[in-house]
Amino acid sequence: MGELETESEKTRSEVASYLRELADQLDGDGDVTLELGGQHVRLNPVNPVTFKLEGESDWSEGDTEAKQSIEFELVWWREAQTAEEGTLDITTEGR
């Protein structure tokens, strides 16, 4: 169990590079490692993977800006008989 989330401002180019690296990892058969705010999460997606994609715009009368977003989510199910098997594999940078 568990969840780890981070948020940071990056350039479009930095985001594209991160997504390319993630895509390369997904294209292989091994683990996928995500760097999240100084921590690393190792996951091993198994087929099938459900790919959720959402585009959204939020604006209200009187606002001078509209918040727009793209959200990606990948979901898969793994066998787990114990809490340990279902827990995220998180390491702190430098460990």
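Nearest heavy atom pair, residue K10 against residue V15, reads CB-CG2, 3.9 Å. Nearest approach of S57 to A66, heavy atoms of both residues: OG-CB, 4.2 Å. When all heavy atoms of T33 and R42 are compared, the closest pair comes out as OG1-CG, 4.0 Å.
If you take CG on L74 and CG on L26, they are separated by 6.0 Å, rounding to the nearest 0.5 Å. The CD atom of E9 lies 10.5 Å from the CD atom of E14; values are rounded to the nearest 0.5 Å. In this structure, the separation between CZ on R78 and CG on N44 is 4.5 Å, given to the nearest 0.5 Å. Taken to the nearest 0.5 Å, the CG atom of L19 stands 11.0 Å off from the CG atom of D24. A distance of 11.5 Å separates NE2 in H40 from CG in D89, rounded to the nearest 0.5 Å.
Of the possible donor and acceptor atoms, one in the side chain of T82 sits under 3.5 Å from a partner among the backbone N and O of E85. Of the possible donor and acceptor atoms, one in the side chain of E35 sits under 3.5 Å from a partner among the backbone N and O of G38.
With hydrophobic clusters built from ILVMFWY side chains whose heavy atoms lie under 4.5 angstrom apart, L43 shares a cluster with F72. Linking Ile, Leu, Val, Met, Phe, Trp and Tyr residues whenever their side-chain heavy atoms come within less than 4.5 Å leaves V75 and F51 in two separate clusters. Hydrophobic clustering (side-chain heavy atoms under 4.5 Å, transitive across Ile, Leu, Val, Met, Phe, Trp, Tyr) groups L53 together with Y18.
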Given side-chain contact (heavy atoms from CB on, under 4.5 Å), test T91 with Q39 step by step and report yes or no.
CA-CA 6 Å; T91 57; Q39 295 184 309; over 6 Å; no
What do the steps show when you test Q68 against E56 for side-chain contact (heavy atoms from CB on, under 4.5 Å), and what is the final call?
CA-CA 6 Å; Q68 297 185 328; E56 184 177 9; over 6 Å; no
For the pair T50 and W76, evaluate side-chain contact (heavy atoms from CB on, under 4.5 Å) and give the outcome as yes or no after the intermediate values.
CA-CA 6 Å; T50 301; W76 62 92; over 6 Å; no
I'd like to know whether K67 forms a salt bridge (charged side-chain N to carboxylate O under 4.0 Å, His left out) with D58, so could you lay out the CA-CA distance, the side-chain angles of the two residues, the decisive distance to 0.1 Å, and finally the verdict.
CA-CA 5 Å; K67 175 186 172 188; D58 186 17; 5.9 Å; no
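For E65, the CD atom is loosely surrounded, since the number of other residues' heavy atoms within 6.0 Å does not exceed 12. At most 12 non-hydrogen atoms from other residues, nucleotides or ligands lie less than 6.0 angstrom from CG of D29.
Applying the side-chain contact (heavy atoms from CB on, under 4.5 Å) criterion to L36, with sequence neighbours excluded, gives L4, T6, L34, V41.
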